[in-house]
Amino acid sequence: GKEFQGPSKVGVGKFLEEVAKMDKVPGTDIILYRLKPNSSQKERMCNKKDPLYFNLNFFDGIPEYHRVGTTEMFVAFELQIGFEAEVNGLRVDHLAYEEG
């Protein structure tokens, strides 16, 4: 499919229209919008090796809008999927995920 376009690229109105059209996981309000290799393994992929872990990004229902100062954002979630040892290796670089 085509790449997901966020509000900074298509505008808030178009973004919300597109999200509202997306299918939900049956029996939930979960809207999956992107599965991609985790960017922490760029060196591995540059060496033509397959990625070992991925980020699955999703919304829980229609995204909530938040504004803090001049920063505007929509709430989304990310699930890291892969071999346990590889995902645990991220913890050093991703302390913000653990502190939340």
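Residue numbers count from 1 along this sequence. Fair warning: this is a prediction, and the values are worked out from it, not measured in the lab.
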task = Evaluate whether atom CG of Asn47 has more than 12 neighbouring non-hydrogen atoms of other residues, nucleotides or ligands under 6.0 angstrom away.
result = yes
task = Establish whether Met73 and Phe77 are linked, either directly or via other cluster members, by ILVMFWY side-chain heavy-atom contacts under 4.5 Å.
result = no
query = Atom CG in Asp50, atom CE in Met45: separation rounded to 0.5 Å?
reply = 10.0 Å
Between CG on residue Asn55 and CG on residue Asn38, distance to nearest 0.5 Å = 4.5 Å
ask   = What closest approach, in Å, do Gly61 and Ile31 show between heavy atoms, and which atom pair accounts for it?
value = O-CD1, 3.9 Å
ask   = Same cluster or not: are Val25 and Met22 linked, directly or through other Ile, Leu, Val, Met, Phe, Trp or Tyr residues, by side-chain heavy atoms under 4.5 angstrom apart?
value = no
ask   = How about Arg44 and Leu52: do any of their side-chain heavy atoms sit closer than 4.5 Å?
value = yes
request  = Mind checking the NZ-NZ spacing from Lys14 to Lys9? Nearest 0.5 Å is all I need.
outcome  = 15.0 Å
Student check: side-chain heavy atoms of Asp60 and Ile30 closer than 4.5 Å = yes
task = State, to 0.1 Å, how close Leu16 and Pro63 come at their nearest heavy-atom pair, and which atoms those are.
result = CD2-CD, 4.4 Å
Hphob cluster co-occupancy, Leu35 + Leu79, side-chain heavy atoms under 4.5 angstrom = yes
request  = Decide whether Val19 and Leu32 are clustered together by the hydrophobic rule: side chain heavy atoms of Ile, Leu, Val, Met, Phe, Trp, Tyr closer than 4.5 Å, transitively.
outcome  = no
ask   = About how many Å separate CZ of Arg34 and CZ of Phe59, when rounded to the nearest 0.5 Å?
value = 8.5 Å
task = Salt-bridge test for Lys21 and Glu17: reply yes if a basic N is under 4.0 Å from a carboxylate O, no otherwise.
result = no
note = From the list Phe74, Tyr65, Tyr33, ring pair (Phe, Tyr, Trp, His ring centres under 6.0 Å) with Phe15 holds only for Phe74
